[in-house]
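Have a look at the structure below before the remarks.
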Amino acid sequence: MAVETVPAELAVLLRREAMLLDQRDYHGWLDLFTEDCRYWMPVDPDAADEPDTLCHVFDDHARLTDRVWRTANGAHTEDPPARTARVLGEPVHLARDADEVSCFTPFLLLYSRRGRQETFGGSYQHRAVTTPDGWRIREKRIRLIDGQSALPALTIIF
Amino acid sequence: MTTSVNGAEGNALDLVLPDRVHRDVYTDPTVFEMEMENIFMHTWVYVGHESEIARPGDYKTTEVGNKPVILSRDRDGAIHVLMNRCRHRGATVCQWPTGNATSFRCRFHGWTYDQAGRLTGVAYQEGYSGLDKSALSLESAPLVESYRGLVFASFDRDVPTLREHLGPALEFLDRFIDHIPGHGLRAAPQAQRLRYPANWKIQMENSLDGYHANFTHASFFSIMQARTAQPAQYVSAKRTSDSVALGNGHAMLDQRVAAGPALRRRLDTLPGAPAPGTDLDALFGVPDGEQLYAATPGPGFNLAIFPNLALVGIHLREIHPVSVDRTDVVLRPMLADGGPDPINRLRLRYHELFYGPSGFGQPDDLEMFDRIKEGNSAGTDPWIRLDRGLDREVTEADGSQRGDITDETPQRGQYRQWRALMAKQW
């Protein structure tokens, strides 16, 4: 049986997304999302795929826009800002539904700020859609393996 | 010469004065060890909400001070707080955060304890002569009591009753517990856990700090102002509201008058919030949808129960001292027990807006705790000032002290209780 792969343009988008975040181009990053998007990180990385669970982050486009503003301009935890470096694994195709594709991408994120380094890891689950402007992200779910452990302030965008 | 309990003249009580505390209260390991004993082993400590261990056999692991314990409900429904330490060689007997079990078995050598901590099984017992199993139960808190679902334990039998201890705070505890019309509270199945590299008392003070909000949380207020088209700051030079040192170290910050309308408007910003003008009774499928929804921001005050609990927004906040310069904080939002799922979903969204490691408010508190840790040792002035509003504070007929919401009245009350417990010889 042929194994379906993630469309090449979508794989490029995921790598570009990581680059924009590492470069702290948050507004450029937000442009990759659709107006009906969801960006979320449940406390329990194994939580079911529905919203009746406590999350560290649960954003629609409006709250995500506020988050971008806060990370870029407002949060004391970003003054001075953190630097991040992300390493993505190869995205794995999960499902296709009409013009939507879901995929799973392992990540490792190194965080450095004011002499302190942290390491975060887990996976991203993207649901992306083709639009006249190319692929756009309709949903990004972050599974943080430390989601239920004691966490420091996480005002970076994952 | 600094005052320190490590110094020749050492006395922890010299570190806390009525209007200031010495910076060493945050950093001295000897003070921390004294606190773990004199405070956490000799007063009522909050250990959990009954809904977290609702059924017989349910347990959760947590800490009293920096000691690992198991909160366990036995088959008869009684609640126990057990030291999570095998009486044989000291290993923990339970590793899971929550679960349901008929017994706790130490996997090192197989010693087995029941839900009440009684030693029921010793492997190859003939190797011991005259082993008295009844003397080798898991150590347990002699006093475990609930107040309307909130479970407290004391490892010292000789303390005031829980009701006496909580007495000055009962009015506000009840208001929190009753803040959802027609429904009791149940804990959300998940909790957020935060850590910061500084002393536990900084969080204790901060849960009742009405002075910091406009500055530490300036970005949050900017966002809310933009989203709700309403001034979101509720503290100014003009007196708007009160802070109260209730007694026994408990304290309250009253935001009901000043922040009430702003809290209601914040609901409109929640992901999935009903559009203004929606028939909420129809939407939630209940006759009191409007009242249920209006309760989403909680009762509108912060309450702190000395030493390790605060009730803020709609969450129960547990302070877990790990070491003198490391603290964990657990946040457990409370939901409407038996309430409509969409209401409870919106309660989660409300909590996530400000709180947790990625909320729009709480990370900035953690940053300030970090900055205290960084700056505290600098210079020759060792004092942390807690004198704001000292001259305008009023002592009420019930013995409580009342100040402006921006005053350090609550913190002075907390440290009075700290001093009283640290001064006792046990």
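Note that the structure is a prediction, hence the values are computed from the model and not measured. Proteins come first, then strands; the chains are lettered A, B, ... in the order of their sequence lines, and each starts at number 1.
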Subject >> D133(A) side chain to T131(A) side chain, donor-acceptor N/O pair below 3.5 angstrom >> reply: no
Original post:
Which answer fits P197(B), side chain, backbone, both or neither, if we ask what part of it has an atom under 4.5 Å from a heavy atom of chain A?
Top reply: side chain
**OP:** Name the option with the most non-hydrogen atom pairs under 4.5 Å to chain B; the candidates are V43(A), V57(A), D66(A).
**Re:** D66(A)
**OP:** Sort P333(B) into side chain, backbone, both or neither according to what part of it lies under 4.5 angstrom from a heavy atom of chain A.
**Re:** side chain
**OP:** Test L64(A) against every option in Y26(A), Y39(A), F58(A) by the side-chain contact (heavy atoms from CB on, under 4.5 Å) rule and name the one that passes.
**Re:** Y39(A)
Subject >> Choice from G361(B), A188(B), S219(B), A191(B) maximising heavy atom contacts with chain A below 4.5 Å >> reply: S219(B)
Subject >> From CG (L151(A)) to NE2 (H56(A)), nearest 0.5 Å >> reply: 5.0 Å
Original post:
Is it the side chain or the backbone of A226(B) that comes within 4.5 Å of chain A heavy atoms, both, or neither?
Top reply: neither
Subject >> Separation of E318(B) CD from R193(B) CZ (nearest 0.5 Å) >> reply: 8.0 Å
Subject >> chain A contact via H351(B) - which portion, at a heavy-atom distance below 4.5 Å >> reply: side chain
Original post:
So do the side chains of R63(A) and L270(B) get within less than 4.5 Å of each other, counting heavy atoms only?
Top reply: yes
**OP:** Walk me through it: do R116(A) and E374(B) pass the test salt bridge (Lys or Arg N to Asp or Glu O under 4.0 Å)?
**Re:** CA-CA 12 Å; R116(A) 188 181 309 152; E374(B) 189 176 49; over 6 Å; no
Original post:
Going from CZ on R349(B) to SG on C55(A), what distance comes out if it is rounded to the nearest 0.5 angstrom?
Top reply: 5.0 Å
Original post:
Non-hydrogen atoms of chain A under 4.5 Å away: do they reach the side chain of R326(B), the backbone, both or neither?
Top reply: side chain
Subject >> Portion of F215(B) that has a non-hydrogen atom of chain A nearer than 4.5 angstrom >> reply: backbone
Subject >> Nearest-0.5 Å distance that lies between atom CE in M204(B) and atom OG1 in T327(B) >> reply: 11.0 Å
Original post:
Is it the side chain or the backbone of N344(B) that comes within 4.5 Å of chain A heavy atoms, both, or neither?
Top reply: neither
Original post:
Judged by atom type as modelled, is there a donor-acceptor pair below 3.5 Å linking the side chain of E78(A) to the main-chain atoms of A75(A)?
Top reply: no
Subject >> Atom group of T77(A) that falls short of 4.5 Å from chain B, counting heavy atoms >> reply: both
Original post:
Which bit of D365(B) is near chain A, if near means a heavy-atom gap under 4.5 Å: side chain, backbone, both or neither?
Top reply: neither
Subject >> Choice from R70(A), Q148(A), R38(A) maximising heavy atom contacts with chain B below 4.5 Å >> reply: R70(A)
Original post:
Side chain, backbone, both or neither: which part of Q362(B) has a non-hydrogen atom closer than 4.5 Å to chain A?
Top reply: neither
Subject >> Any side-chain donor near an acceptor of the partner, E367(B) and H76(A), under 3.5 Å >> reply: no
Original post:
Who wins among M41(A), H61(A), E118(A) for the most heavy-atom pairs under 4.5 Å with chain B?
Top reply: E118(A)
Subject >> Heavy-atom contact with chain A under 4.5 Å, split by part of L194(B) >> reply: both
**OP:** Examine distances only and state if a side-chain atom of T71(A) and a backbone atom of I156(A) form a donor-acceptor pair shorter than 3.5 Å.
**Re:** no
**OP:** Side chain from CB out, backbone as N, CA, C, O: work out which of these in Y196(B) comes under 4.5 Å of a heavy atom of chain A, or both, or neither.
**Re:** neither
Original post:
Measuring heavy-atom distances to chain B, does R114(A) have an atom under 4.5 Å in its side chain, in its backbone, in both, or in neither?
Top reply: side chain
Subject >> Between R371(B), M368(B), R195(B), R227(B), the one whose heavy-atom pairs under 4.5 Å with chain A are most numerous >> reply: R195(B)
